[in-house]
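Take a look at the structure set out below.
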Number of protein chains: 2
Amino acid sequence: MTAGAPAKDDKTPRTARGERTRRALLSAAAEEFGEKGFHDGSISGITRRAGCALGSFYTYFDSKDDIFRALVNDMSGQVRDYVSPRIAQARDGIDAERIGLLSFLEFARAHKEIYRIIDEAEFVDQAAYRAHYENTASRMAARLAKAAARGDVRADVEDVHAWAIMGMNVFLGLRYGVWDDSRPAEEIAAIANALVERGIGRAD
Amino acid sequence: MTAGAPAKDDKTPRTARGERTRRALLSAAAEEFGEKGFHDGSISGITRRAGCALGSFYTYFDSKDDIFRALVNDMSGQVRDYVSPRIAQARDGIDAERIGLLSFLEFARAHKEIYRIIDEAEFVDQAAYRAHYENTASRMAARLAKAAARGDVRADVEDVHAWAIMGMNVFLGLRYGVWDDSRPAEEIAAIANALVERGIGRAD
DNA sequence: TTTGAAGTTGAAAGCCGGTTCAACTTTCAT
DNA sequence: ATGAAAGTTGAACCGGCTTTCAACTTCAAA
């Protein structure tokens with residue numbers, strides 16, 4: 001077997017035209033669900049935006065849930081693919097986390113629908129929701145472990161730190177990326193990074 | 001005028017019996033929405049749990065949205081009322097945040113439905129969702145400002161720190177409160193609090 | 001004891017959107 | 001060129017859920 005899915009009746013497009021329609025549906029779904037949320041968004045809304053007939057939807061997706069699942073994976077991958085290469089440029093372990101937040105803020109500002117899509121996965125497809133955050137956290141934990149080995153950060157870093165910093169990033173992205181993007185992303189990232197590096201305890 | 005609402009047709013119970021039914025509906029709704037989420041949860045599910053007839057629901061609430069809004073306010077208040085008095089016992093500004101997270105973890109472990117309810121407000125009632133987090137963040141920012149004045153924390157603390165720490169708390173509550181509560185809450189709170197106080201930068 | 005306001009009941013109206021389907025069009029390998 | 005596979009179409013089906021409503025019951029004040 002080549003692909004991961006068993007595929008009783010395969011909905012993969014076989015044609016360039018089919019591929020185009022599938023992509024159109026997927027990005028129409030990002031708009032529709034981003035604006036209205038999963039439940040208020042409708043399949044007819046998606047096909048209208050995509051410029052195709054209602055029935056065509058079912059050529060490529062089994063159900064409303066199915067396209068949503070595909071969309072969550074897609075967005076999750078997009079964030080990762082935007083952030084990862086930037087982090088690779090960092091000078092050290094602490095700087096890596098600064099760049100991680102900075103680029104996440106940039107991404108959130110450019111794709112404000114991301115929260116409405118990822119967050120709603122908690123209700124539509126819990127597995128995808130948990131997978132998204134568990135993957136993100138374990139990538140971060142791995143970076144921190146390497147940084148610890150290099151001596152960039154304390155030796156006792158563990159998963160709890162990764163979840164803490166990820167939570168920080170998510171909420172800063174919501175507040176200073178999606179809800180209000182008037183402050184420079186660099187400034188937010190710098191403040192948060194100082195917190196991660198030295199904390200806010202009295203410097204004595 | 002006494003109350004805040006104009007109340008064209010007032011649904012406030014006038015009777016002890018009415019009050020009891022309303023409370024029963026509200027806590028049934030917490031169960032129903034906590035288990036199934038807003039959209040999969042049904043009003044008949046709520047009235048079944050509450051042990052009353054479908055029609056009685058509309059004696060106290062205008063709509064499904066209406067009871068959800070009431071529920072979000074209720075839960076938001078419950079967290080605040082659980083956490084606030086505990087924080088007041090803290091020895092200093094840093095300890096206050098440790099206790100804040102600790103008691104939030106305890107609360108989340110005892111009320112695992114809280115995430116499904118607050119988070120879904122993002123889609124059902126954005127205003128309530130933002131209000132919840134903005135209130136929480138500004139209470140924290142006020143505490144931090146006081147702590148700064150007292151010299152417990154750096155003088156330059158601001159809203160960004162509050163949002164960062166709140167995000168930390170929310171994600172630690174999800175991961176180590178709701179999803180897996182096998183580690184002692186004190187341990188999680190201590191690790192996160194050390195991050196807040198001194199950061200994870202190399203101690204040099 | 002009477003009375004009417006408050007509360008209860010559950011059947012059914014009404015709505016809405018996901019999904020199906022059979023006829024039709026386009027594509028492309030041969 | 002041609003036929004079979006791939007893709008398109010949108011009306012209609014379908015089931016579920018919110019909301020309404022008019023008859024009925026409870027309760028407490030007069």
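So that the names make sense, note that chain A is the first sequence line, chain B the second, and so on, each numbered from 1. Every heavy atom of this structure was used, including side-chain atoms; hydrogens, water molecules and symmetry mates were not.
Between B/S63 and A/G18, the one whose closest nucleotide on DNA chain D sits nearer the 5' end is A/G18. With DNA chain D read from its 5' end, the first of the two nearest nucleotides for B/F57 and A/R14 is the one closest to A/R14.
For C/dG7, the OP1/OP2 oxygens have no side-chain nitrogen or oxygen of B/T59 closer than 4.0 Å. A/Y60 has a side-chain polar atom (N or O) that falls below the 4.0 Å cut-off from OP1 or OP2 of D/dT8.
Between A/W163 and B/F171, the ring planes lie tilted relative to each other; the angle falls in the 30° to 60° range. Relative ring orientation between B/F38 and B/F68 is described as perpendicular, the plane-to-plane angle rising above 60° on a 0-90° scale split at 30° and 60°.
Across residues 30-52 of chain A, A/G41, A/S42, A/I43 each have a non-hydrogen atom less than 4.0 Å from an atom of DNA chain C (numbered order).
In this model, no donor atom of one side chain and acceptor atom of the other lie less than 3.5 Å apart for B/D65 and B/S63.
Atom C1' of nucleotide D/dT18 and atom CZ of B/F68 are separated by 17 Å, given to the nearest angstrom. The CZ atom of A/R20 sits 17 Å away from the P atom of D/dA6 (whole-angstrom rounding). Look at CG on A/D62: it is 9 Å from P on C/dT19, rounded to the nearest Å. Between the CG atom of A/L54 and the C1' atom of D/dC13 there is a distance of 13 Å, given to the nearest Å. When the P atom of D/dG7 is taken as reference, atom CG of A/D10 falls 10 Å away, rounded to whole Å. Per the geometry, CZ belonging to A/R23 stands 16 Å off P belonging to D/dG7, to the nearest Å. Going from atom NZ of A/K11 over to atom P of C/dT19 covers 10 Å, rounded to whole Å. Rounded to an integer number of Å, the gap from CZ of B/F61 to P of D/dT18 is 15 Å.
How far CG of A/D74 is from CZ of A/R23: 5.0 Å, rounded to the nearest 0.5 Å.
Between A/M168 and A/L195 the shortest side-chain heavy-atom distance falls below 4.5 Å. Side-chain atoms of A/E113 and A/E31, non-hydrogen and from C-beta on, never get closer than 4.5 Å to each other. A/F33 has its side chain within reach of A/I46: a pair of non-hydrogen atoms, C-beta onward, lies under 4.5 Å apart. Residues A/D119 and B/F123 form a side-chain contact, since some pair of their non-hydrogen atoms from C-beta on lies under 4.5 Å apart.
Comparing C/dT8, C/dG7, C/dT20 by their closest approach to the side chain of A/Y58 singles out C/dT20. When distances are taken from the side chain of B/A53 to each of C/dT9, D/dT19, D/dT9, the shortest belongs to C/dT9. Proximity note for A/T21 (side chain, C-beta onward) versus D/dG7, C/dG7, C/dT8: the nearest is D/dG7.
Heavy atoms of A/G55 sit under 4.0 angstrom from at least one base atom.
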Atom pairs under 3.5 Å: protein N/O with N/O of nucleotides 23-29 of chain D:
none

Per-pair distances, 0.1 Å, donor-acceptor, side chain in residues 96-110 of chain B, under 3.5 Å, sequence neighbours excluded:
residue : atom : partner : partner atom : Å
B/E97   : OE1  : B/R143  : NH2          : 3.0
B/E97   : OE2  : B/R143  : NE           : 2.9
B/E97   : OE2  : B/R143  : NH2          : 3.4
B/R98   : NH1  : B/D95   : OD1          : 2.2
B/S103  : OG   : B/I99   : O            : 2.7
B/S103  : OG   : B/G100  : O            : 3.3
B/E106  : OE1  : B/Y82   : OH           : 2.9
B/R109  : NE   : B/Y176  : O            : 3.2
B/R109  : NH1  : B/D181  : O            : 3.4
B/R109  : NH1  : B/R183  : O            : 3.2
B/R109  : NH2  : B/Y176  : O            : 2.7
B/R109  : NH2  : B/R183  : O            : 2.7

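Between the side chain of B/S42 and the backbone N or O of B/G45, at least one donor-acceptor pair lies under 3.5 Å.
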